[in-house]
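In what follows, chains are A, B, ... by sequence order, proteins preceding strands, each numbered from 1. Below, all heavy atoms of this structure are taken into account, side chains as well, without hydrogens, waters or symmetry copies.
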Amino acid sequence: MEKTSTTFERTLVTSALPYANGYIHLGHIAGAYLPADIYVRYLRFRGVKTLYVGGSDEHGVPITLTALKEKISPKEVIDRYHTANADAFRKLGISYDIYGRTSWPLHVDTTQQFFKVLDEGGYIHTKEMELWYSPQLERFLPDRYVKGVCPKCGYVEADGDECESCGSQYAAHELVEPRANIPGDTSSPILRKSRHWFLDLPKFGEPLNAWLDGHPEWRANVKGIAYGWANDLRSRCITRDTDWGVPIPLEDEDAVGKRIYVWFDAPIGYVTNTRQWALDTMNDEHGWEVWWKDAGTRMVHFIGKDNVPFHAVIFPAMSMGQPDYILADQVVGNEYLNIFNRQTGQSEKGSKSRGNMISVRWALENLPVDAIRYYLCAIAPESKDSDFDWDEFMNRYNGELCNVVGNFVHRCLTMTVKNFEGCVPPAGSLEDADQEMLDAISQQLEAIAESLEEFRFRQALERFIDLGRKANVYFDAMKPWVTRKTDMERTGTSLYVCCQVVKALCYAMVPFMPEGAANLAAILNLTLPENGPEGGEDAWVEAKTLLPAGSSLQTPTALFPKIDKDRIAELAEAHLRGEAF
RNA sequence: GGCGGCGUAGCUCAGUUGGUUAGAGCAGUGGAAUCAUAAUCCACCUGUCCGCGGUUCGAAUCCGUGCGCCGCUACCA
């Protein structure tokens, strides 16, 4: 690890801005949000200056089409989804420093500045295009909203520019019998000319490749996609015929009725939201700049794999065209979370039409937040797609978090409280086994930290559980329930050591299960530090310091209550009936 | 078609730069224990590391090739 969080002065973490045209589901969480939140909580706990920025992506044609279908305004669409998604994130404990909106007025300014600087730098040019236009709706239609007959194979459900049946691609005018794919539009789309603005990506070819070459440590899937693009760069259209978006900041009659393409302005939302955060918290117009223009800032993007081209190629290129902007140090691209269908024995892609999605809202109404966080982290699709499976959920949550860690904490604390008047007992002379257990705490904490620094969240969580496993082995070997009858000093020493493990478990679970950590800290009468963007003490080091003998303890309750098998079966049934969204 | 990822035990996966008899958890079998959320611990069991060819003293690991699964393919965001 030549580069870690500690070699930079501060870390800016972003999670992909979810599109405010639908509710977020567990697939989103497992990829771009939970790992980011775990990473952020870890950094804050270590006292690293950390800012975590997210928000809703609220522009683009699909939102206007949803509004059209529901006969409401685009504003009502984005308000609905922004509010719901922000609420879901909050309840899940996704700890954004700011959760912004690309519809904020400030965002117009940031986006237009980006555009103007690129234009002045000669990185933007225009080109005339032929696009589908609906005479009835009096608007241009994106290719996915135009259906027709494939000119190659005759498939009748072909999209405007490609056929999903035979896989061929073609120019718009080649599509046979075009028709609009929007309810209520019965007209036949026609082709109409329109002049658009393009970002000249090939001009960034060399710096992009040099930048990618500087990051051999990135995940294979991210590097693969990024190099694929970087080696075949083409100019990319960054405007659309729509009225829902950021206006093009040019005095040009062709710019009227057009807006900047949502994918150009979405990543700029990270910048806008940082600006807004600095205004809100410090009333400082320039407070954002240190996070975006200082070489001491490390930027890390968490995204799904569909987002890699934008975060590993296009946005970096856009940033290279700006004065002084830093580039991402890491782009953590995740694969997808699929749904395992127990009836068919097949893994299937989450989709609305199948009705197999699990919304964050539904999950939170029916499961403890830590259970959701634990399972999703345990199966995070880091290197390949993974499956959400109710049986596995039960095995992992009940069998690992509850049985191994939760029960260890409980058996240790219950016995301590009963036999030592609610206090951590004094340590007598330490035998080899005691010392080995104490040493294992430090080793395991370091191992967990190492995994987190490398963005290996599944491994980090596994190492956390491993500490619980080691602790159970130690507990069984020491047999405090036996020694208690003959040797209270030995019993006290064993439980003293166990209490140290419990404390370490409490600290180590902070990034993963903040609710469980808070509950356990209350039992241990510990105050967990809560650092903000300004950083603070390194509490991870503090986790290794020993809980003094005599510290008082609260009567323990089950940290992670097991979920009844029948209850899980009920939820699985409801999910199968399509009620989980 | 092009590009990318993946393929290791019944299941889920780990195997950094090639290096002894390929590992973990779960499941299974047998045992111990009774402090604890019926929670724990110990032992045992299972492998054509997808196939084929090559490089090498040595390959799960590197190269070539074939097969399979998943994804991307630029106007979906």
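Within the structure, every side-chain polar atom (N or O) of A:K479 is placed at least 4.0 Å from both OP1 and OP2 of B:rU34. One finds a side-chain N or O of A:K562 lying less than 4.0 angstrom from the OP1 or OP2 phosphate oxygen of B:rA39.
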Whether each nucleotide of nucleotides 5-10 of chain B has a protein heavy atom under 4.0 Å at its base (B), only at its sugar-phosphate (S) or at neither (-) is summarised, 5' to 3', as SSS---

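Donor-acceptor pairing under 3.5 Å, judged by distance alone, is present between the side chain of A:N407 and the base of B:rA36. With hydrogens and angles ignored, a donor-acceptor pair under 3.5 angstrom links the side chain of A:D232 to the base of B:rA74.
If you check every strand for non-hydrogen atoms under 4.0 Å, A:R484 touches nothing. A:W229 comes within 4.0 angstrom of a nucleotide base, judged by non-hydrogen atoms across all strands. A:G406 comes within 4.0 angstrom of a nucleotide base, judged by non-hydrogen atoms across all strands. Within the 4.0 angstrom heavy-atom criterion, no nucleotide atom of any strand lies near A:F408.
Straight-line distance between the P atoms of B:rA60 and B:rG4: roughly 25 Å, to the nearest whole Å.
Between A:D466 and A:R469 there is a salt bridge, with a side-chain nitrogen of the basic residue lying less than 4.0 Å from a carboxylate oxygen of the acidic one.
Residues A:R195 and A:K127 fail the side-chain proximity criterion, which asks for heavy atoms closer than 4.5 Å.
Base pairing of B:rA33: no nucleotide in any strand meets the Watson-Crick or G-U wobble criterion (both distances under 3.5 Å).
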